[in-house]
Structures are given as C-alpha cells and as structure tokens.
Protein chains: 2
Amino acid sequence: MPSATFFNLPDDKRQRILDCALEEFARNDFDSASISQIVAQAGIAKGSLYQYFEDKTDLYRYLLELAIQKKREMMSAVPTADGQTFFEMLRSMFGALAQYELLYPKLARVGYRAVYGKSPLPEEMLRLARRSTQDYFALLIEQARQRGEIRADVDVAAGAYLFTAVLTQLGSYLAERIGMSADEIAATGSYPLHEAQVQAQFNQMIDLLESGLGTPRKD
Amino acid sequence: MPSATFFNLPDDKRQRILDCALEEFARNDFDSASISQIVAQAGIAKGSLYQYFEDKTDLYRYLLELAIQKKREMMSAVPTADGQTFFEMLRSMFGALAQYELLYPKLARVGYRAVYGKSPLPEEMLRLARRSTQDYFALLIEQARQRGEIRADVDVAAGAYLFTAVLTQLGSYLAERIGMSADEIAATGSYPLHEAQVQAQFNQMIDLLESGLGTPRKD
DNA sequence: CGGTCATATGACCGACCAGTCACATTATAA
DNA sequence: TTATAATGTGACTGGTCGGTCATATGACCG
C-alpha cells in the first residue's frame with residue numbers, strides 16, 4: 001500500500017507518477033518494467049518513489065488495484081432491466097467492457113498481463129482470477145439454459161470459455177475496427193464519434209455467439 | 001542464423017541447448033529471458049553459446065523459426081477431402097492446431113509471445129503476423145458464404161476475429177479440460193488416453209461456432 | 001612428436017537494475 | 001527568528017545482464 005505521504009502529494013504530481021508507472025507496466029513485463037525509467041519519466045528522484053511505495057511489487061499491486069476498481073466501476077454501471085434476456089444482458093456487459101478497454105487501455109493491459117503473463121502475485125491467486133471470469137459466465141449460461149434461452153445441449157464450460165476468449169481480445173479488435181489506436185482513444189478520453197460503430201461491432205459479435213455462423217439447419 | 005559449429009554439435013547436446021533456450025523464452029519475455037540462465041541450465045559456457053549464435057536475437061529468431069516450421073508441418077498434415085464443408089475443414093484445422101499446442105506447448109508459447117507480447121522483431125512484421133491469421137479466416141469465411149454454408153448476413157471480419165480469439169487460447173483450455181498440465185502432455189509426448197476427449201471438446205466448440213448458443217429462432 | 005585448426009571456457013567489461021541512506025530542502029509551529 | 005518535523009534527493013551498493021576475448025583443450029594430420 002502506498003504511504004500517507006503519497007496521498008498528501010499535489011494531485012497533478014501524484015497523477016503524473018501513476019501515469020508513468022502505468023505506462024511502464026503496461027509496456028513491460030513485471031520483471032522488465034524499470035523503476036529507474038518510471039522516476040526519470042516522472043521527473044522525481046528514485047528515493048522519493050521509495051517513500052511512496054515499499055518496493056516495486058507494492059507499486060505494481062497498487063496499479064492492479066486501480067485497474068480492478070475501475071473495471072468494477074464500469075461493469076456495475078451497466079443498466080440491468082429485470083425482464084432482460086441472457087443475450088441482452090450479454091450485450092450490456094460487452095458494452096461496459098468495451099468502454100473499459102477502450103478508455104483505459106493501460107489499466108486493461110496491466111490487468112491482462114497480471115492474469116496471463118508473469119507477475120509477482122502468488123500463483124494461487126492468479127489461478128483464481130483466471131477461473132473467476134469463466135466460472136461467472138458458466139453460472140450465467142447455466143441459468144439461461146434452465147430458462148430455455150440457451151440450447152439444452154451446449155457444454156456450459158465450452159460456452160464460458162468461448163465468451164472469455166472473445167472478451168480478452170475484444171479491446172484490441174474494436175480499436176482496430178474503428179481505426180483508432182488505443183492510445184488515440186485514451187488521449188481523446190472518449191470516442192463519441194465512434195460509439196455507434198462500436199455498438200454495431202459487438203452487436204454483430206453477440207449475434208454470432210447467439211446464432212452461430214452457419215446457415216440455419218432445417219431439421 | 002546459427003553457425004555451422006552449432007549443427008556439428010552432437011545431437012543430444014544441441015537438443016539440450018535448444019530445450020533450455022525454449023524453456024527460458026517460453027517462460028519469459030524476450031527482455032527478461034536470460035542468456036546466463038540458459039547456459040547455466042544447459043551446462044555450457046556462455047562463450048560457447050556465442051559461438052553458435054550471433055546474439056540473443058539470433059537465438060530467439062531461430063527458436064521462432066522452429067515454432068513456425070513445426071506448426072506449418074502439423075497444419076499441412078490435416079487431411080483435406082474435396083467435398084468437405086467449411087465446418088468440417090474447420091474441425092480438421094482445430095484438430096491440427098490442438099495437437100500442435102498440446103504436443104509443443106513451449107514452441108506455441110514462444111510463438112504466441114512473439115505476436116502478442118514484446119519481441120525484438122520489427123513492428124511491421126508483427127502487425128503482418130497478427131493480421132495474417134485473421135485474413136486467412138476471412139478468406140475462408142467469404143468463400144463458404146458464397147457457397148451458402150454461412151449466413152449471408154455475417155460480418156466476415158467479426159467471424160474471423162471470433163475464430164482467432166478462440167484459437168489463440170484453445171491450447172490452454174484443452175489442457176485444462178483434460179486435466180493434464182501442458183508440461184505433462186509434452187513429457188508424455190502424446191496424449192493417447194485423451195484423444196477422444198480432446199476431439200469431443202473441440203467438436204463441441206465448433207458446434208457452438210456453427211450454430212450458436214441460443215435456442216433456434218422460429219422465424 | 002609437432003603443428004594446425006575447430007571448439008570450449010569463464011573471467012571480465014560496461015550498462016542497467018532494485019533498493020538504500022546520509023544529507024539537503026521545505027513546511028510548520030513556536 | 002529558530003526548532004522540529006516532513007519530504008526530496010541522487011550517489012552508492014551489490015547484483016545480473018548481454019556480450020567479448022585471451023587462453024585452454026582436444027582432434028586430426030604429417
């Protein structure tokens with residue numbers, strides 16, 4: 001955890017440090033990320049950073065917390081009507097996740113690295129994180145299947161895997177499709193000119209997940 | 001490219017060096033991967049390795065070549081009957097890819113890192129590699145659509161993305177489902193007891209891609 | 001035996017790393 | 001003003017890194 005000193009910092013300075021740290025950890029592995037680079041970029045002395053954070057891992061964990069917090073925040077902002085079908089809800093979730101990934105690409109990247117790359121976190125925790133998304137989807141699918149919205153013969157785990165696979169790469173796909181680099185989007189702070197495009201893209205994607213690519217079988 | 005000296009090495013020694021290098025580059029980023037670790041593990045002097053390879057990048061590129069070569073080899077071994085439908089062909093491709101990923105997890109991991117992680121390769125080349133798989137699928141989908149095997153209203157690019165997303169994580173999913181770690185499978189050299197299971201898994205997956213998860217619409 | 005050539009070796013180099021600490025600077029209070 | 005506490009600083013340490021090179025080893029040949 002950061003020290004009290006860190007939170008007493010002027011807002012702009014604190015933010016500058018976090019930005020530089022995020023940049024470095026988004027661009028590099030935990031091992032490759034360089035504290036020396038971060039302080040040089042932020043224009044502070046190395047000793048200062050070690051007054052704010054215990055060590056490299058402490059800083060890294062704090063960034064991860066920010067990522068998780070921001071993601072939760074955006075996911076919990078999805079509107080949930082009561083009579084919603086499974087695929088309608090999925091659409092909302094994809095939307096929220098797309099916003100998160102497009103607006104905070106560095107946070108998203110750090111989070112991704114933490115789960116799928118190397119990180120100083122205990123392996124047990126990583127396995128749990130990896131599983132949690134899939135387990136969550138598995139639950140949703142199971143429920144929807146019992147309501148009859150989903151074919152009775154689908155393998156729940158396979159479906160859950162399908163969703164997570166699509167989600168983990170959704171951000172880069174969308175960025176590519178709307179022709180803006182992730183950095184541009186983050187710089188703009190929003191993508192108002194493109195929201196309709198983005199919406200159309202993952203509507204299409206969910207349609208594929210719901211109905212498949214094949215021509216309807218006549219059996 | 002490795003020097004002639006490297007190819008003159010006794011087979012077992014050469015293989016040991018490659019194994020250790022693969023292990024290191026599979027486990028680490030290009031930057032984090034350590035030549036010192038590799039030579040220590042392989043039991044050779046550092047100077048020796050630099051007689052075989054020009055530098056770290058040279059060694060890395062050679063490993064990548066091996067990965068590409070092995071993948072091509074396994075993909076081109078898929079049986080292709082003439083009257084095959086799109087989804088039948090897809091099944092064959094998934095099968096070949098699953099074998100590659102399960103039998104050579106380290107090669108697969110190095111290849112994955114090269115495309116999606118950091119690597120010393122020119123950015124242009126990486127972008128091309130990233131696109132090539134998607135473009136390939138886009139072509140297949142377009143052709144299948146013209147033959148009427150695929151719904152006329154699917155977005156070709158979205159479909160291609162869907163396939164690549166599923167494929168890039170297929171290996172780890174399968175390994176998890178059949179309850180063997182990737183290392184165990186590689187150690188065994190095959191997974192004879194599980195082939196039926198594996199087959200069933202990606203049949204299920206392709207079925208989802210073809211028909212979707214949703215209950216058939218009655219329109 | 002000596003001579004020649006391919007190969008093996010590990011001490012060594014400069015660069016960079018995470019992290020420390022004695023000291024300098026600034027803010028606060030008396 | 002001075003005393004005290006909080007914050008800022010960057011040279012320094014011990015270590016690892018990729019890469020080099022003078023030297024050692026061994027194989028083959030005459």
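Just so we're on the same page: letters track the sequence lines, and every chain starts at 1.
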Looking for any heavy atom pair under 4.0 Å, which part of the strands does A:Tyr52 touch: base, sugar-phosphate only, or nothing?
sugar-phosphate
Across the strands shown, which category fits A:Ile38 at heavy-atom distances under 4.0 angstrom: base, sugar-phosphate, nothing?
nothing
Between A:Tyr173 and the options A:Arg177, A:Glu176, A:Gln169, the side-chain hydrogen bond (donor to acceptor under 3.5 Å, both in side chains) test singles out A:Arg177
CG (B:Leu167) and CG (B:Leu162) are apart, to the nearest 0.5 Å, by 9.5 Å
Here the distance between atom P of C:dA18 and atom CG of A:Asp29, to the nearest Å, is 12 Å
Between A:Ser36 and C:dA18, is there a contact of a side-chain N or O with OP1 or OP2 at under 4.0 Å?
yes
Euclidean distance, atom CG of residue B:Asn28 to atom P of D:dT16 [Å, nearest integer]
15 Å
Roughly how many Å is it from CD in A:Gln51 to C1' in D:dT9, rounded to a whole number?
9 Å
Roughly, in whole Å, what's the span from CG in B:Asp58 to P in D:dG19?
10 Å
Pair B:Arg14 + B:Asp11, salt bridge at N-O below 4.0 Å:
yes
Look at all strands and tell whether B:Ser34 reaches a base, only sugar-phosphate, or nothing, counting heavy atoms closer than 4.0 Å.
sugar-phosphate
Which nucleotide sits closest to the side chain of A:Lys56: C:dG19, D:dT9, C:dT7?
C:dG19
Answer yes or no: does atom CD of B:Gln41 have more than 12 heavy-atom neighbours from other residues, nucleotides or ligands under 6.0 Å?
no
Could you check which of C:dT9, D:dT20, D:dG8 has an atom nearest any side-chain atom of B:Ser48?
C:dT9
Nucleotide D:dG10, atom C1' - distance to CD1 of A:Ile44 in whole Å
12 Å
Rounded to whole Å, please give me the gap between CZ in A:Phe30 and C1' in C:dC17.
12 Å
Can you tell me the distance, in whole Å, between the CD atom of A:Glu24 and the C1' atom of C:dC16?
13 Å
Across all strands, who's sitting opposite D:dT20 as a Watson-Crick or G-U wobble pair, both distances under 3.5 Å?
C:dA11
Measure the distance from CG on A:Asp55 to P on C:dT20 and round it to the nearest whole Å.
8 Å
Map A:Gln37 and B:Lys13 onto DNA chain C by nearest heavy atom, then report which one ends up closer to the 5' terminus.
B:Lys13
Under the salt bridge (Lys or Arg N to Asp or Glu O under 4.0 Å) rule, collect the residues that match up with B:Lys118, sequence neighbours excluded.
B:Asp31
Compare the minimum distances between each of C:dG19, C:dT7, D:dG8 and the side chain of A:Tyr50, then state the nucleotide with the smallest one.
C:dG19
Closest to the B:Lys46 side chain: D:dG19, D:dT7, C:dT7?
D:dG19
Where the side chain of A:Ile35 is concerned, which of C:dT7, C:dA18, D:dG8 is the nearest nucleotide?
C:dA18
Check whether any side-chain N or O of B:Asn8 sits under 4.0 Å from OP1 or OP2 of C:dT7, and answer yes or no.
yes
The ring-ring contact (aromatic ring centres under 6.0 Å, His included) partners of B:Phe87 (sequence neighbours excluded) come to none
Sugar-phosphate, base or nothing in reach of B:Ala40, heavy atoms under 4.0 Å
nothing
